[in-house]
Every structure is written in structure tokens, then in C-alpha cells.
2 protein chains.
Amino acid sequence: MTSGEATLGSGMRVPQKRKRSDMIAEEIKRWIIAEHKVAGERLPQERDLAALFDCAKGTLREALKSLEVQGLINVRTGPNGGAVLAEVSYDRSTELLRNYMHFQNLTVEQVYEFRKAVEVEMAVSVVGHLDEEAFARLEESVGCCACSGHKESEQMKVRQAELDFHVLLAQYCPNPLLSFHSRFISDLLRDFIRLRTDVPDAFDKFTTVNRDFHRQLIDALRREDREAVGRLMREHMELAERFTLELEGVVSENLMLVP
Amino acid sequence: MTSGEATLGSGMRVPQKRKRSDMIAEEIKRWIIAEHKVAGERLPQERDLAALFDCAKGTLREALKSLEVQGLINVRTGPNGGAVLAEVSYDRSTELLRNYMHFQNLTVEQVYEFRKAVEVEMAVSVVGHLDEEAFARLEESVGCCACSGHKESEQMKVRQAELDFHVLLAQYCPNPLLSFHSRFISDLLRDFIRLRTDVPDAFDKFTTVNRDFHRQLIDALRREDREAVGRLMREHMELAERFTLELEGVVSENLMLVP
DNA sequence: AGATATTTGTTCGTATGTATT
DNA sequence: TAATACATACGAACAAATATC
């Protein structure tokens with residue numbers, strides 16, 4: 001019966017009436033689309049925008065703040081400063097998606113159930129989109145996994161490099177959806193790395209197995225053998241899940257916090 | 001050499017110095033975690049927060065605005081009002097993710113490449129998590145697809161109902177990652193529905209085929225036959241992709257705009 | 001139902017910081 | 001270096017919303 005309320009609405013109370021600054025933020029969005037503005041173009045300055053949308057400076061600032069948090073504009077001071085339209089960055093999007101996942105108390109099984117699906121598809125779709133520079137970078141990344149000291153910092157580096165391999169691959173994926181989510185999951189797992197010093201040999205074995213998989217993946221990618229790429233990545237993920245399960249149980253801590 | 005700049009940084013210039021309001025927003029985030037605040041708890045009122053973080057009211061408001069846009073708090077006026085910690089809602093997260101995808105100019109192929117992977121996994125993981133009420137709702141949804149008038153509004157309704165089936169299924173998926181993304185893709189496709197009146201028979205055939213798949217899926221879900229569920233959903237997606245391709249080519253318009 | 005107290009929402013004026021010329 | 005143009009920050013006053021009595 002009221003105007004606009006949330007769809008979920010269990011017992012939680014939500015704001016009933018939209019704020020003026022929010023409405024102006026949406027008006028600006030619509031205005032941007034109507035004017036066919038593209039990334040890089042400047043918006044009018046604060047004073048003019050305030051006049052255009054008929055509100056005070058402070059209110060307009062809150063509206064711009066909203067767009068800025070959404071990653072749609074960047075604001076700069078100085079002459080020729082002001083709000084410029086921006087493409088939403090990967091970093092900004094994931095930060096916001098992580099806020100959501102923070103409350104979902106994900107388990108390792110759940111993360112890997114998703115990762116298996118996405119990562120396999122991503123790897124397959126990357127076939128045929130790699131140049132020599134790409135292969136060089138991938139091989140360099142595998143090289144980093146080779147140096148296995150037994151100090152904590154060394155092990156940490158190895159795990160990071162392993163994830164880098166996947167992020168690198170995602171970078172060459174022509175499908176933005178797969179690329180985004182593959183990278184998102186890798187970043188999620190990155191925060192999740194907690195060294196456990198009580199199972200050093202499990203760690204070593206995993207490192208070796210991973211390196212093998214990465215090498216074989218590069219080979220299959222060179223041959224442009226889709227079937228092999230898919231199969232290898234699937235097996236790789238199966239084993240990675242098993243290993244991760246041995247080490248920890250829950251993936252939910254402090255995802256929200258930006259380090 | 002400067003302090004904090006974006007990782008992407010092609011030719012685009014980005015703000016060099018972090019703003020005070022942004023820093024305070026992050027300080028508040030940290031404070032929330034440090035205080036072990038959970039969803040539902042109130043934050044101190046503006047005046048006290050401004051004192052706590054030593055800034056003016058306007059600045060603090062911009063910081064709160066940032067958190068609000070991120071969906072982390074709701075703010076209300078009146079006695080016992082103020083900012084209360086909220087779980088980030090699905091709607092908010094997708095809105096922000098859509099902002100990102102708006103700039104990626106997705107093609108139908110790309111959306112379906114992702115959808116196939118996610119939807120199959122989602123359907124399989126939902127096996128064993130459906131009660132009688134769930135089945136009743138699914139069957140009701142299939143029923144809606146049956147009434148096929150030839151008016152535009154009727155056809156529109158049918159397509160919506162078809163997507164509802166998938167959203168419904170996602171709702172019972174125990175994996176938040178799969179559930180979220182399955183629903184996200186459905187919502188993405190929902191905006192994409194543009195009726196084309198020039199190919200009415202293709203439309204009818206697709207409607208019939210879809211209904212069959214949905215019915216068979218329900219059967220397989222009742223039998224808790226994982227293998228069949230996976231296979232059916234995979235075939236279902238293959239055909240859905242082919243049909244969608246017949247109708248349109250690009251999925252990128254106005255994803256950003258909230259209707 | 002109405003008055004009131006409480007808390008956010010909006011506005012203005014002014015001062016400061018920063019980047020361009 | 002100085003002048004200029006712009007965003008950023010502050011503080012005080014007033015407006016609007018809403019829970020409670």
C-alpha cells in the first residue's frame with residue numbers, strides 16, 4: 001500500500017520514503033543516458049548541476065557521492081575538474097559484490113562448486129585468444145610456483161602465484177562475465193589464504209601437483225585442444241578443492257574489509 | 001610513485017588523493033567490524049559519529065551516504081532513527097553489478113556461455129532441497145506458461161513466467177553463489193525481452209518446448225535424479241540460446257537504468 | 001487523534017585545498 | 001609566482017519525518 005519498499009521485507013524495517021538526494025541521483029543517471037554521455041565526458045560543474053536539478057549544493061553533492069560510490073563517475077578538483085563519467089571498474093564492482101557475500105557465510109564447498117563451473121568454462125573459452133606474450137607470462141607465473149622455500153612468507157608467495165595464474169588466464173578470456181567471475185573467485189580465495197604450519201608436507205605435495213596442472217594446461221592451450229583444457233581444469237579444481245578443505249572450513253571472515 | 005591509483009589505469013586520469021569522506025567511510029567500516037556489530041544494530045547518531053571521527057556533519061553524512069549506497073546501512077529519521085546496519089540486499093548488489101556489465105557490451109552468446117555453466121550447476125545442487133510447497137510453486141509457474149494468447153502483452157507474460165521458473169528454482173538453491181548468479185542472469189535476460197512480432201510461430205514453438213523442459217525438470221527433481229536434472233537443464237539452455245539468438249544480437253542497452 | 005521530542009534531511013555562507021594557466 | 005576555477009570541508013540554522021505520549 002505504501003510507495004516503494006524492499007521485496008525481501010521479512011521483519012526488517014526499511015526506509016519508506018525516498019530521499020531527495022537519491023531521486024536526484026537517479027535523475028542524473030537518466031540524464032546521462034538521455035544525453036548519450038559516454039565514459040570520459042565531463043558533467044557540468046556542481047553549481048550548474050544544482051541549478052539544473054533545482055537543489056542545493058549539499059544535496060547535489062550527496063547525489064554525486066552516490067554515483068561516485070557506484071563507480072559511475074570520478075570527481076576531481078581544480079580547473080577542468082568536476083565529475084567525469086567513468087566505466088565502472090572491476091575493483092569497485094567486486095568490492096560491492098563482496099559486501100553482499102560477506103553476509104552469506106560461504107563454505108569452501110560452495111565456493112568450489114561455483115569455481116569448478118566457472119573456471120572450466122573460462123579456460124575453454126580462452127582457447128585461441130592467447131598470443132606469445134600471453135604464453136610467456138603464463139609460463140613465468142608457473143616459474144614462480146617453483147621456488148618453494150619452507151618459510152611462511154615463501155609459501156604465501158607460492159599460493160599467491162598459483163592464483164595469479166588463474167587471474168592471468170581470465171584476463172585473456174573474451175567473455176566479460178566469465179572473466180569477471182573467475183577473477184572474483186580468485187580474489188575471494190586470496191583473502192582466504194591462512195597459512196597452517198602444521199601440515200607442511202600436504203602443502204608441498206599440493207604445490208607440485210598444481211604446477212603440473214598449470215604446465216599441462218599451457219600445453220593444451222598451445223595445442224588449442226579444448227577438450228583437454230576442459231578436462232585438465234576440471235581435475236585441477238577437484239584437487240584444489242580437496243586440498244583447501246583439508247586446511248580450512250569457512251570462507252566468511254572480513255570479506256567486507258578492504259585492505 | 002604516487003599514493004593510491006587504480007590498477008587498470010590506461011590513459012584515464014583518476015583522483016590522486018583520497019577524500020576525507022571516503023577515508024571516514026572506511027574508518028566506520030573498520031569500526032563496525034571491530035565493534036562486532038551485526039545486522040540490525042544501530043550506529044550512534046550523526047552528531048556523535050561526527051564527534052567520534054572528528055569531522056563536520058556534512059562530511060560525516062557523505063561517508064554515511066557511501067555506506068548507504070553500498071547497501072551496508074539503512075538510515076531513518078525520527079526518534080530511535082539513525083543508521084542501522086543492514087545485510088546487503090540482493091537488489092542492491094545486482095544493481096551495482098549491472099552498472100559494471102553495462103559497459104561490457106555483452107552478446108547473447110556470452111550471456112549464455114555463462115548461463116549454461118551456472119544454471120546447470122544450480123539445478124543439480126537444488127536436488128533434495130525442495131519440499132511440497134516448492135513443487136507446487138514450480139508447477140504453478142509452468143501453468144502460467146501454458147496460457148498463450150497472441151497479443152504482445154500475453155507473450156510478454158509468458159516469457160516472464162519462464163524466467164520466474166528459473167528464479168524460483170534459484171531460490172531453493174543452497175549455494176548462495178550459484179543462487180545469486182542464476183538469479184542475476186535471469187534478471188539480466190528479463191530486461192532484454194524485446195518482443196518481435198515478425199516471427200510469431202518461432203515464438204510459439206519455443207514456448208511449447210520450454211514448457212516441456214520445465215515439466216521434465218520437475219519430474220527429475222522429484223525423482224532426485226541428479227544426472228537427469230543436469231542433462232535436461234543443459235539441453236534446455238542450448239535451445240534457449242538458439243532461440244534468443246534468432247531474435248536479437250546484443251544485450252547491452254540500458255542495463256544501468258533502474259526501472 | 002494531536003502535540004511534542006528526537007533525529008535525520010536540506011540549505012546557506014564561508015573558508016580551505018588543489019590543479020591549471 | 002600569482003591568479004583563477006573548481007571541488008572539499010566546516011558550522012549553524014531551519015525543514016521534514018516519525019515514534020511516543
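These numbers were taken from a predicted model, which means no experiment stands behind them. Here is how names work: the chains are called A, B, and so on, in the same order as the sequence lines, proteins then strands, and each is numbered from 1.
In this structure, of C/dT21, C/dG13, C/dT11, it is C/dT21 that holds the atom nearest to the side chain of A/N80. Minimum atom distance to the side chain of B/P79 is reached by D/dT18, of the listed C/dT10, D/dT18, D/dC6. Listed nucleotides: D/dA9, C/dT18, C/dT11. Nearest to the side chain of B/T59: D/dA9.
Atom-to-atom, CD of B/E46 to P of D/dA17 comes out at 16 Å; the value is rounded to the nearest Å. Atom NZ of B/K57 is separated from atom C1' of D/dA13 by 10 Å (rounded to the nearest Å). Whole-Å rounding puts the B/I24 CD1 to D/dT8 P distance at 14 Å. The distance between atom CZ of B/R61 and atom C1' of D/dG11, rounded to the nearest whole Å, is 14 Å. Atom CD of B/E62 and atom C1' of C/dG9 are 14 Å apart (whole Å). In this structure, B/R18 atom CZ and C/dG17 atom P are separated by 19 Å, rounded to whole Å. Atom C1' of nucleotide C/dT8 and atom CG of B/L64 are separated by 10 Å, given to the nearest angstrom. Rounded to a whole Å, the CG atom of B/L60 is 15 Å from the C1' atom of D/dT8.
Contact of B/K65 with C/dT8 (side chain to base): no donor-acceptor pair of N or O atoms is detected under 3.5 Å. Residue-to-nucleotide contacts include no donor-acceptor pair under 3.5 Å from the side chain of B/K19 to the base of C/dG17.
Residue-to-nucleotide proximity on DNA chain C shows that, of A/A56 and A/G78, the 5′-proximal contact is made by A/A56.
Between B/R76 and the phosphate of C/dG9, there is no side-chain N or O to OP1/OP2 separation shorter than 4.0 Å. Look at B/R20 and you won't find any side-chain N or O under 4.0 angstrom from OP1 or OP2 of C/dG17.
The heavy-atom pair separating A/E41 from A/H36 by the smallest distance is OE2-O, 3.8 Å. In terms of heavy atoms, A/I73 sits closest to A/A83 at CD1-CB, 3.9 Å.
Ring-plane geometry between A/F114 and B/H181 is classed as parallel, the angle between the planes falling under 30 degrees on a 0 to 90 degree scale with a further cut at 60.
The closest donor-acceptor contact from the side chain of A/S182 to the backbone of A/E119 lies at 3.5 Å or more, if one exists at all.
Side chains of A/S66 and A/Q70: a donor on one and an acceptor on the other come within 3.5 Å.
Counting non-hydrogen atoms under 4.0 angstrom, B/G58 reaches nothing in the nucleic acid.
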